[in-house]
Amino acid sequence: MNSIRAAVWEDDHGGKKPEEITGAILDEESELTLGELCRACGMPAEQIIALVEEGIIEPRGARTRWRFSGICVRRVRKVYTLKRDLGVNVAGAALAIELLEEIERLQARLARLESGRD
């Protein structure tokens, strides 16, 4: 897990002082516990467990020692957004995520093919 730091402030008329924002960059190699994933996504453990049972996210290890990749954070947040904004249920969110990820893979493949022609 890599860290990132950034300074943020408003212009002179906004009246805010510079403040520092820190965070973590998560990737496939990053590992989070169930509690860390809950905090990162702002969801209770019961909802995360429901996503595991639906196959939306796949933890590593035994249930009492689950570890989640950084990619799980992205998937959980997508589910939350789909449920909140579109009113889809967990099964519908699972299907939507699969289709969205397939589109991303196809777009990346198309970009590689097109860059080879230039």
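All values derive from a computational prediction rather than experimental measurement.
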Which atom pairs, one a donor and one an acceptor, fall under 3.5 Å between side chains of residues 48-55 and the rest of the protein, sequence neighbours left out?
none

Glu104 bridged to Lys78 by N-O distance under 4.0 Å
yes

Do Asn89 and Lys83 make a side-chain contact, defined as non-hydrogen atoms from C-beta onward lying under 4.5 Å apart?
no

Does Leu86 belong to the same Ile/Leu/Val/Met/Phe/Trp/Tyr cluster as Ile97, with side-chain heavy atoms less than 4.5 Å apart forming each link?
yes

Return the SG to CZ distance between Cys72 and Arg60, rounded to the nearest 0.5 Å.
7.5 Å

CZ (Arg105) and CG (Leu100) are apart, to the nearest 0.5 Å, by 10.5 Å

Separation between CD of Glu102 and CD of Gln107, rounded to the nearest 0.5 Å:
10.5 Å

Should Arg77 and Cys41 count as side-chain neighbours, where that means a heavy-atom distance under 4.5 Å?
yes

Arg109 atom CZ: more than 12 heavy-atom contacts under 6.0 Å:
no

Search all heavy atoms of Pro44 against all heavy atoms of Cys38 and return the closest pair with its distance.
C-SG, 3.9 Å

Can you check whether Ile57 reaches Ile71 side chain to side chain, under 4.5 Å on heavy atoms?
no

Rounded to the nearest 0.5 angstrom, the CZ-CZ distance for Arg65 and Arg67 is 6.5 Å

Check whether any side-chain heavy atom of Leu95 lies under 4.5 Å from a side-chain heavy atom of Leu99, and answer yes or no.
yes

Considering all heavy atoms of both residues, which atom of Trp66 and which atom of Gly61 are nearest to each other, and what is their separation?
CD1-O, 3.6 Å

If you look at every heavy atom in Ala40 and Leu32, which pair is closest and at what distance?
CB-CD2, 4.5 Å

With distance as the sole test, does Glu36 use its side chain to make a donor-acceptor pair with the main-chain N or O of Thr33 at under 3.5 Å?
yes

